[in-house]
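Remarks on the structure that follows.
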Amino acid sequence: MKRILASVLVVVFVFALSGCGAKEAKKDIFNLVEKNYDAIVTACENKDSEALLAINGIKEVDIVDGYVLIYCKGAGIAPSSQDYGFYYSEENLPVGVFDGQIVCSNSELVEYENGYRYLDSGYNEFYTEHIKGNIYFYSAAF
């Protein structure tokens, strides 16, 4: 019985760390933005954190240098954790985002898959992808 339980726990752990969770998080955030697009844009333009936090699925909001950074969900335990969210860019420029901060500028990003990524000097990876208008998806793996 202990072996079966241990095997099940290993499978659950491996699945939790796999890319399936990342794909689902990205899909959820794209859907959240699409469903609430007008309300999100209005709140971002007015820098109205309370209006954003009232939208189901948004957990934290930070406003930094013309960007409204919105955290939606995270998964894992460091050193294999990921944060997911989206941000509004007044100038419609992608950046690297993590923990309510901008970790790299547009000029430091390189094209990757459907968006851009930045690898810092350690093992951290930041990815961003355009969703719609001035809104971008982000993930941060650390």
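Heads up: numbering here begins at 1 and tracks the sequence. Just so you know, these numbers come straight off a predicted model, no measurement behind them.
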- request: Measure across V33 and I40 and return the closest heavy-atom pair with its distance rounded to 0.1 Å.
  value: CA-CD1, 3.9 Å
- request: Calculate, to the nearest 0.5 Å, the distance between atoms CG and OG belonging to N106 and S89 respectively.
  value: 8.5 Å
message: Is the ring pair F126/F98 parallel, tilted or perpendicular, if the boundaries are 30 and 60 degrees?
response: tilted
task: Using the rule that two of Ile, Leu, Val, Met, Phe, Trp, Tyr join whenever any of their side-chain heavy atoms come within less than 4.5 Å, decide whether I102 and Y116 are in one cluster.
output: no
message: Is there a side-chain contact between T128 and V95 in this structure, where contact means two heavy atoms from C-beta onward sitting under 4.5 Å apart?
response: no
field: Residue pair E125 / Y112: nearest heavy atoms and the distance that separates them
entry: OE2-CE2, 4.2 Å
query: Linking I/L/V/M/F/W/Y whenever their side-chain heavy atoms sit closer than 4.5 Å, directly or via other members, would F142 and V103 fall into one cluster?
result: yes
task: Spell out, yes or no, whether L69 and I55 are grouped together once hydrophobic residues are joined by side-chain heavy atoms under 4.5 Å, including indirect joins.
output: no
- prompt: With a 3.5 Å cut-off and no angle check, do the side chains of E129 and Y127 form a donor-acceptor pair?
  reply: yes
query: NZ of K132: more than 12 outside heavy atoms within 6.0 angstrom?
result: yes
- prompt: Which pair of non-hydrogen atoms, one from L32 and one from G57, has the smallest distance, and what is that distance?
  reply: CD1-CA, 3.7 Å
- prompt: Is the shortest heavy-atom distance from the side chain of Y67 to the side chain of D62 under 4.5 Å?
  reply: no
message: Could you report the tightest heavy-atom contact between S49 and I63, atom names first, then the distance?
response: OG-CD1, 3.8 Å
query: To the nearest 0.5 Å, what is the distance between CD (E50) and CG (L52)?
result: 10.5 Å
task: Search all heavy atoms of G100 against all heavy atoms of V64 and return the closest pair with its distance.
output: O-CG2, 3.7 Å
- prompt: Can you find a heavy atom in the side chain of V110 that is under 4.5 Å from one in the side chain of R117?
  reply: yes
- request: Could you check Y37 against I131 for side-chain contact (heavy atoms from CB on, under 4.5 Å), going step by step and ending with a plain yes or no?
  value: CA-CA 10 Å; Y37 182 75; I131 297 176; over 6 Å; no
task: Check the pair F86, I58 against side-chain contact (heavy atoms from CB on, under 4.5 Å), reporting the backbone distance first and the verdict last.
output: CA-CA 10 Å; F86 63 95; I58 294 177; 3.9 Å; yes
Residues E90, K47: salt bridge by 4.0 Å N-O rule: yes
- prompt: D83 versus Y71: any side-chain heavy-atom pair under 4.5 Å?
  reply: yes
- request: Return yes if some donor-acceptor pair links the side-chain N/O of Y136 with the main-chain N/O of N92 below 3.5 Å, else return no.
  value: yes
- prompt: Using the ring of each side chain (for Trp, its six-membered ring), is F137 parallel, tilted or perpendicular to F30, with breaks at 30° and 60°?
  reply: tilted
- line: Taken to the nearest 0.5 Å, the spacing of I29 CD1 from E24 CD works out to 10.5 Å
field: Heavy-atom check, side chain of N134 versus side chain of V41, under 4.5 Å
entry: no
Minimum side-chain heavy-atom gap D120-C104 below 4.5 Å: no
message: Just verifying a value: how many Å separate C72 SG and Y138 OH, rounded to the nearest 0.5 Å?
response: 7.0 Å
- request: Find the distance between CD1 (I70) and NZ (K59) and round it off to the nearest 0.5 Å.
  value: 14.5 Å
query: So, for K73 and A25, which heavy atoms are closest and what is the spacing to 0.1 Å?
result: CD-CB, 3.7 Å
field: Interatomic spacing from CG in L53 to CG in D48 - rounded to 0.5 Å
entry: 9.0 Å
